[in-house]
Amino acid sequence: MSSQRQETAAASKSSSAPQRKAVVEDTLLLNSVQSYFKKAAVVLAVWATGYFKFSPSWLLLGLVVYVWKEKKQAAKKNSIAIAQEIARDEKGVILARVEDLPAWVYFPDVERAEWVNKMIDQLWPYIGVYVRKLLQESIEPKIRASLPASLSNFRFTTIDLGDIPPRIGGVKVYTSEVRRDEIYMDMEINYASDCDIAMYVKGMNFGIKDFTLRGTMRIIFRPLITKVPLIGGMNVFFLNPPEVDFNLTSLANAFDLPGLSDMLHTIVQEQISNIMVLPNRIPIQMASDVDIKKLRYPMPQGVLRVHVLEARDLKKADISITGKGKSDPYAIVTVGAQTFKTKVIDDNVDPVWNEVFEYIIDERDGQFLKLALNDKDPGNKDDPLGSTTVDISTIFEKGTVDEWLPLEDVKKGMVHVRATWLYLANDPLELDRVVVKVREEGIDEDSVHSALLVVNLDSALDLPRGKKTLLEPSPYVVLTLGQTTKESKVRNATTEPRWEENFRFFVANPNHQNLDIEVRDSKTKKTIGETTIRLKEVMGAEDMVQDQKFPLKTEEPNSSIYMTVGLRVLTPEANPEWMENENLLKDKPADETESSVDTPSGEVDAKKPGAQTVPPSAASSGGAGKKEGSPPSSSPREELIKPASSPASESEVRQRKSAAGPPGAGPAPVDDDGEFNLGRIQMTFRYSPPRQQLVIVIHKIVNLKPAEGDSKGLADPYIKMYLLPDRESKSKRKTKVIENNLNPVFDETFEYPVSPAELQTRSLEVSVRNDIGMFSSSQKLLGMVLVELAALDASRAVTQWFDLVPQESIRSVQLETQTEV
């Protein structure tokens, strides 16, 4: 049998060899033709410049664009080639490139799942057929809808996913401290393909090749059942938008300029987010008796209210000839697929926005709040001014986070953010308490909301036909609440459409607002039925939910629309009474727990192993008693305890403390001069495994000893650092000089590229120096610190005070491993 397989494989290989040779020859010919026309175009441009007496500046501009494009393509080809090598031979590439270690190498709770990769490799041809149908039937119409009307003839002409399947870099499974009828699994997806996807639009052919995607996908298996297949359904989604990149081919490659390339990347990113990034998800029903609605429409876990207050000391992106300049900053605030943008503040490096945004959170564990600051440049690509991220689970645990956060990827700049976690209460009395609290805190009531409305649009019955033609309509639904309007999909030619869609609205005041429903015919654009739902009646319903048929005002007397409408009050306080009703109270003190809940419903007995105990203060603290290392917590009404950490949340602690005194560091020792009476320095250390960067924030120095020989009895301190054992220039970092100051505040951020393996052998040498003139006799070295980095935990940041010591007494200092952020 094995010899027959070998003969068959050899025959297929020999038969495919001429075809592959022909493809290679065609590719070489096409590349030669493209190269010829490119060079001919350059020669023609030079000739036209001289013949028509154009300014040579046009040639210089073309040269700049060409050099930029070639440099960018070379860097992209290099990164794609590395990613494809990892996909082909992970072990060999790991041995050659230590910095590209997958998560399972340096996270003990993330497992390598090579057996999954072997299965995907075998399934890849069948997956290719499915993806081809998905792109043509689902993605293609959405892309056409997002393009201008002149490009509405867009279509895919070739879809070939290539021979390289995605790889699973690491798998983390949560089975403890979760509901008994569910399993959580996070998968690190690394897709570096050799695909070839060609498209046609407006007489032009162009394509995409070398598509890469990297991100963390979460799969929820729920509910677990007692008959085959043992799993009732699955939910698949990305917690955060994955990293996406690709190269353009054919005509598009010749016009791979910033505008077109950025537009295509944005469109692809948006389409992926609209399908698979929270709050969007792919529900899969695996057992016929499982209610698909519970898979498709889970209740959110809460709402995140974000106040983007201000920023300070931003980079001057618009530098004038005189050396002075400003920036026109604005902030982009993102959670999953939800993105908001602040207004632009012109000519200011210390902008004040004071804007509020609210985000619906479906999975708080593993998701991040990202703030990216940019400088607005009309007509050009906006310049980045830095970014920062905050772990949403950290905000949930603390209730409210009010911090000045240092910006990453820039030398200076901080942003002031206040983020508050809001629970979803099913108690109508909570509404009055929320309104009073908002007024007491002085928050603008017009900028925030008091409730969340969730609408599950299911179907309609007995819709009217056309009066004259008697043709069946193609209905869609328009839902309007206040200034917000949302539309459902169109269901063609039917009087009993099924939409099965979910919509969510923020509500300012349920007592005075209504939800207007219009059913329209997409052919005639006319309203064929309508109804109004009073939110005050929903608030008075049992559990604040109306699950029923709503009669429509139409020409047919029996027309109706079936929906589930649920209302939840947004409150920062965790009330044990309604939390228990909503299955949000994870743990009750042992003396208050008298009975368990039935196992089939998937809830946990607080007296059985795995149940946790929360101090009585947990309910009022806004943290719901979540202990470190516990899995993500559940959504209201359906879930009790869920996993708390994921590879994304464990790999990088994004929450950083303000320079004014991070809680983990304790109060500033203003009356302590240190062991050698030289003063003390405050620093924050954090390691980012995904970016493989060591991040160091130099906060400030207190009680610095005056420099000997200084005429004023002061000092002009600055800090110089080396990441030992390297003492080369690439390892040196310096802060700015603070003149005439013995308590200087720096608040500067520095980064070192370091692999996880190298971090265990590195130490940081920090020296405080006095900025002196060439002929000055003043003291130069004011004190030193040598910090060992082997104990730095990749799952948390450490803010710590260090005693300055003289050079002759320098010794290694360990980081405090128990300091939490």
Side-chain angles (χ1 to χ4, degrees), residues 97-99 101 105-108 406 408 411 651-653 656-657 659 662 664-666 669 674-676 678-702 704-705 717-736 744 746-770 780-821:
R97 294 180 56 86
V98 180
E99 63 270 19
L101 290 173
V105 176
Y106 47 86
F107 283 118
E408 297 179 358
K411 294 184 178 180
S651 64
E652 182 175 2
V653 174
R656 275 141 349 140
K657 294 300 172 183
E675 181 181 357
F676 292 88
L678 298 180
R680 307 191 78 192
I681 182 172
Q682 186 191 42
M683 297 184 289
T684 293
F685 294 83
R686 181 172 65 86
Y687 184 68
S688 170
R691 299 192 303 119
Q692 299 201 355
Q693 294 282 333
L694 172 65
V695 182
I696 303 167
V697 182
I698 305 296
H699 294 298
K700 57 185 175 181
I701 302 175
V702 296
L704 186 64
K705 186 177 180 180
Y718 69 94
I719 295 173
K720 183 166 69 172
M721 297 182 294
Y722 286 99
L723 189 61
L724 302 181
D726 297 334
R727 285 191 176 275
E728 303 175 358
S729 58
K730 66 178 182 180
S731 176
K732 183 172 69 174
R733 304 286 191 273
K734 289 175 62 176
T735 67
K736 59 189 176 183
F746 298 96
D747 281 337
E748 294 190 46
T749 303
F750 303 91
E751 293 189 356
Y752 286 98
V754 183
S755 68
E758 292 176 328
L759 187 65
Q760 303 300 315
T761 62
R762 295 300 187 106
S763 58
L764 184 73
E765 181 188 90
V766 181
S767 59
V768 181
R769 296 177 176 269
N770 184 33
K780 187 173 183 179
L781 182 63
L782 303 179
M784 300 184 67
V785 175
L786 182 62
V787 184
E788 291 289 342
L789 301 175
L792 181 59
D793 188 351
S795 67
R796 64 182 70 229
V798 176
T799 303
Q800 191 170 331
W801 287 93
F802 301 90
D803 292 341
L804 294 177
V805 302
Q807 186 174 11
E808 60 272 13
S809 302
I810 190 70
R811 62 183 184 274
S812 298
V813 180
Q814 297 290 336
L815 289 172
E816 297 176 0
T817 57
Q818 297 303 317
T819 303
E820 294 188 6
V821 206

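One-based numbering along the sequence shown.
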For this session: Evaluate the criterion side chain to side chain contact (heavy atoms under 4.5 Å, CB included) for residue pair Val766 and Phe802; output intermediate values, then yes/no.
Result: CA-CA 10 Å; Val766 181; Phe802 301 90; over 6 Å; no
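- In terms of heavy-atom proximity, Tyr722 sits nearest to Glu728 at CE2-O, 3.9 Å.
- Although no hydrogens or angles enter the test, the distance criterion places no donor-acceptor pair under 3.5 Å between the side chain of Thr749 and the main chain of Pro406.
- Considering all non-hydrogen atoms of both residues, Gly674 and Asp803 come closest at CA-OD1, 3.6 Å.
- When all heavy atoms are compared, the tightest approach of Ala790 to Gln760 is O-OE1, 3.1 Å.
- Using a 4.5 Å heavy-atom cutoff, the side chains of Arg769 and Lys734 are not in contact.
- With values rounded to the nearest 0.5 angstrom, Met683 atom CE is found 10.5 Å from Thr799 atom OG1.
- We find the OG1-CG distance between Thr761 and Leu724 to be 10.5 Å, quoted to the nearest 0.5 Å.
- In this structure, the side chains of Leu789 and Tyr687 stay at 4.5 Å or more apart for every pair of heavy atoms.
- A 4.5 Å side-chain heavy-atom check between Arg762 and Asp726 finds at least one atom pair inside the cut-off.
- Between Arg733 and Phe750, the shortest heavy-atom contact is CB-CD2, 3.8 Å.
- Here the NZ-NZ distance, from Lys732 to Lys720, works out to 5.5 Å after rounding to the nearest 0.5 Å.
- Rounded to the nearest 0.5 Å, atoms CZ (Phe685) and CG (Leu694) are 7.5 Å apart.
- The nearest pair of heavy atoms linking Leu782 to Leu678 is O-CD1, 3.9 Å.
- Distance OH/Tyr718 to CD1/Ile698: 14.0 Å, rounded to 0.5 Å.
- Ser812 places no side-chain N or O within 3.5 Å of a backbone atom of Glu788 that could act as its donor or acceptor partner.
- Leu804 is listed as a side-chain neighbour of Ile701, based on a closest heavy-atom distance under 4.5 Å.
- Heavy-atom minimum distance, Ser731 versus Tyr752: O-OH, 2.8 Å.
- Remark: side-chain polar atoms of Glu748 are paired, donor with acceptor, to backbone N or O of Lys736 under 3.5 angstrom.
- Atoms CD1 and NZ, on Ile681 and Lys700 in that order, are 12.0 Å from each other to the nearest 0.5 Å.
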